[in-house]
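Here is the structure we will look at.
Just follow the structure's listing: the first ligand is 1, and inside any ligand the first atom is 1.
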Amino acid sequence: MTHNIALIGGDGIGPDVTAEAVKVVRAAGVDIDTTDFDLGGQRFLRDGEVLSDGTLDELRAFDCILLGAVGTPEVPPGVIERGLLLKMRFELDLYINQRPFAGTAPGGDTPHEFVVIRENTEGMYAGEGGSLRTGTPHEVATQGSVNTRMGVERCIRYAFELAADRERKHLTLVHKTNVLTFSGDLWERTFNEVAAEYPQVDTAYNHVDAACIYFVQDPHRYDVIVTDNLFGDILTDLGGAVSGGIGLASSANLNPARTGPSMFEPVHGSAPDITGQNKANPTAAILSAALMLDFLDEGAAADRIRAACAEPVTGSTTDVGDTIATRVRN
Ligand code: IPM
Ligand code: MN
């Protein structure tokens with residue numbers, strides 16, 4: 001079966017790492033038909049388009065979207081992030097951001113696998129707030145966190161389903177209920193209510209600041225973590241840093257209801273400082289493509305790709321892609 005994939009290489013190193021991901025998917029024997037979409041900071045500078053509603057509608061027709069990295073120093077911060085990445089997450093209802101890790105505790109040798117489920121459409125990212133009297137001594141700025149019962153519950157339910165399918169069957173809620181009492185109460189009550197439907201899953205709760213210590217010192221306590229949008233953003237950069245670096249961190253932006261395409265992207269950015277030098281590590285993009293194959297029901301190929309990435313590879317972007325592609329073929 002042919003899968004129709006929209007490719008958004010993006011800016012900087014994005015197109016290069018995406019090309020290696022496509023190479024490895026094909027080496028794994030998965031039949032994909034790709035269509036390039038020229039989007040990102042460079043496109044915006046050329047003709048002002050970030051992501052029009054027309055382009056968004058074109059993307060809806062695909063099975064999945066594979067994205068490299070977007071953003072360029074000449075475009076003010078926020079334009080591409082909000083207008084492209086967040087617009088896709090919100091409009092395509094990609095309400096789960098799934099990020100797998102392999103953390104090693106200090107002195108430990110075997111990396112420990114765990115996964116963060118980040119709510120991807122609400123919280124601080126909803127853009128609630130505003131400013132008044134800007135630039136005067138009396139200026140005011142507010143930024144609110146939006147949490148709906150529906151949004152929180154569907155995310156928590158997805159995390160319980162995932163935990164129930166895993167060997168260890170353990171789920172940790174991460175929040176800051178001691179200070180964020182309103183949203184924390186909604187998250188905690190919803191978590192406890194859904195937990196009653198999954199007696200086979202063991203549960204725990206950590207405040208987000210404590211979770212930062214455990215990510216570094218004791219990642220073994222985690223199996224699946226569920227958390228809100230902003231905590232998940234920050235924690236997953238930390239997760240990348242303690243799991244071999246951001247060059248290995250992959251992510252899936254999922255619409256589990258499958259009412260539209262899901263989107264897969266490495267956690268890292270466009271790295272303009274090393275653009276065009278063939279030295280970006282494509283592994284995060286390749287592992288993101290493996291997450292895409294999981295979602296396309298090509299789990300065996302995805303497992304082969306992950307196995308091929310497990311042994312260290314060094315070299316240029318294309319060398320790493322070639323080596324992993326060769327391992328996958330054999
Ligand atoms: C991520 C990124 C994005 C986020 C930015 C680029 C908007 O940091 O995917 O984690 O904050 O979600
Ligand atoms: Mn981030």
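With waters left out, the protein N, O or S atoms under 2.8 Å from the Mn ion (ligand 2) add up to 1.
One side chain, Glu122 or Thr148, offers a donor N or O that lies under 3.5 Å from an acceptor on the other. Between the side chains of Gln277 and Thr275, not a single donor N or O lies within less than 3.5 Å of an accepting N or O. Side chains of Thr55 and Glu49: a donor-acceptor N/O pair is present below 3.5 angstrom, by distance only. Under 3.5 Å, the side chains of Ser145 and Tyr125 contain no donor-acceptor pair of N or O atoms. Donor-acceptor pairing under 3.5 Å is lacking for the side chains of Thr181 and Asp185. Under the 3.5 Å distance criterion, with hydrogens and angles disregarded, a donor-acceptor pair is assigned to the side chains of Trp187 and Asn147.
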Is there any protein N/O under 3.5 Å from an N/O of ligand 1, and what does the full list of such pairs look like?
unit_1   : atom_1 : unit_2 : atom_2 : d
ligand 1 : 8 (O)  : Asp233 : OD1    : 3.3
ligand 1 : 9 (O)  : Arg89  : NH2    : 2.7
ligand 1 : 9 (O)  : Arg99  : NH2    : 2.8
ligand 1 : 10 (O) : Arg99  : NH1    : 3.1
ligand 1 : 10 (O) : Arg99  : NH2    : 3.2
ligand 1 : 10 (O) : Arg118 : NH1    : 3.3
ligand 1 : 10 (O) : Asp233 : OD1    : 2.9
ligand 1 : 11 (O) : Tyr125 : OH     : 2.6
ligand 1 : 11 (O) : Asp233 : OD1    : 3.4
ligand 1 : 12 (O) : Arg89  : NH1    : 2.7
ligand 1 : 12 (O) : Arg118 : NH1    : 3.4
ligand 1 : 12 (O) : Arg118 : NH2    : 2.7

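Every residue two or more places apart in sequence or in another chain that forms a side-chain contact (heavy atoms from CB on, under 4.5 Å) with Leu45 is listed here: Gln42, Thr72, Glu74, Val75.
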Could you go through residues 86-95 and list every donor-acceptor pair under 3.5 Å that involves a side-chain atom there, pairing it with any protein atom two or more places apart or in another chain?
unit_1 : atom_1 : unit_2 : atom_2 : d
Lys87  : NZ     : Leu51  : O      : 2.9
Lys87  : NZ     : Asp53  : OD1    : 2.9
Arg89  : NE     : Asn253 : OD1    : 3.0
Arg89  : NH2    : Glu265 : OE2    : 3.0
Asp93  : OD1    : Arg154 : NH1    : 3.4
Asp93  : OD1    : Arg154 : NH2    : 2.9
Asp93  : OD2    : Arg154 : NH1    : 3.0

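A salt bridge is defined here as a Lys NZ or Arg NE, NH1 or NH2 lying under 4.0 Å from an Asp or Glu carboxylate O, and Lys169 with Asp223 fails to meet this definition.
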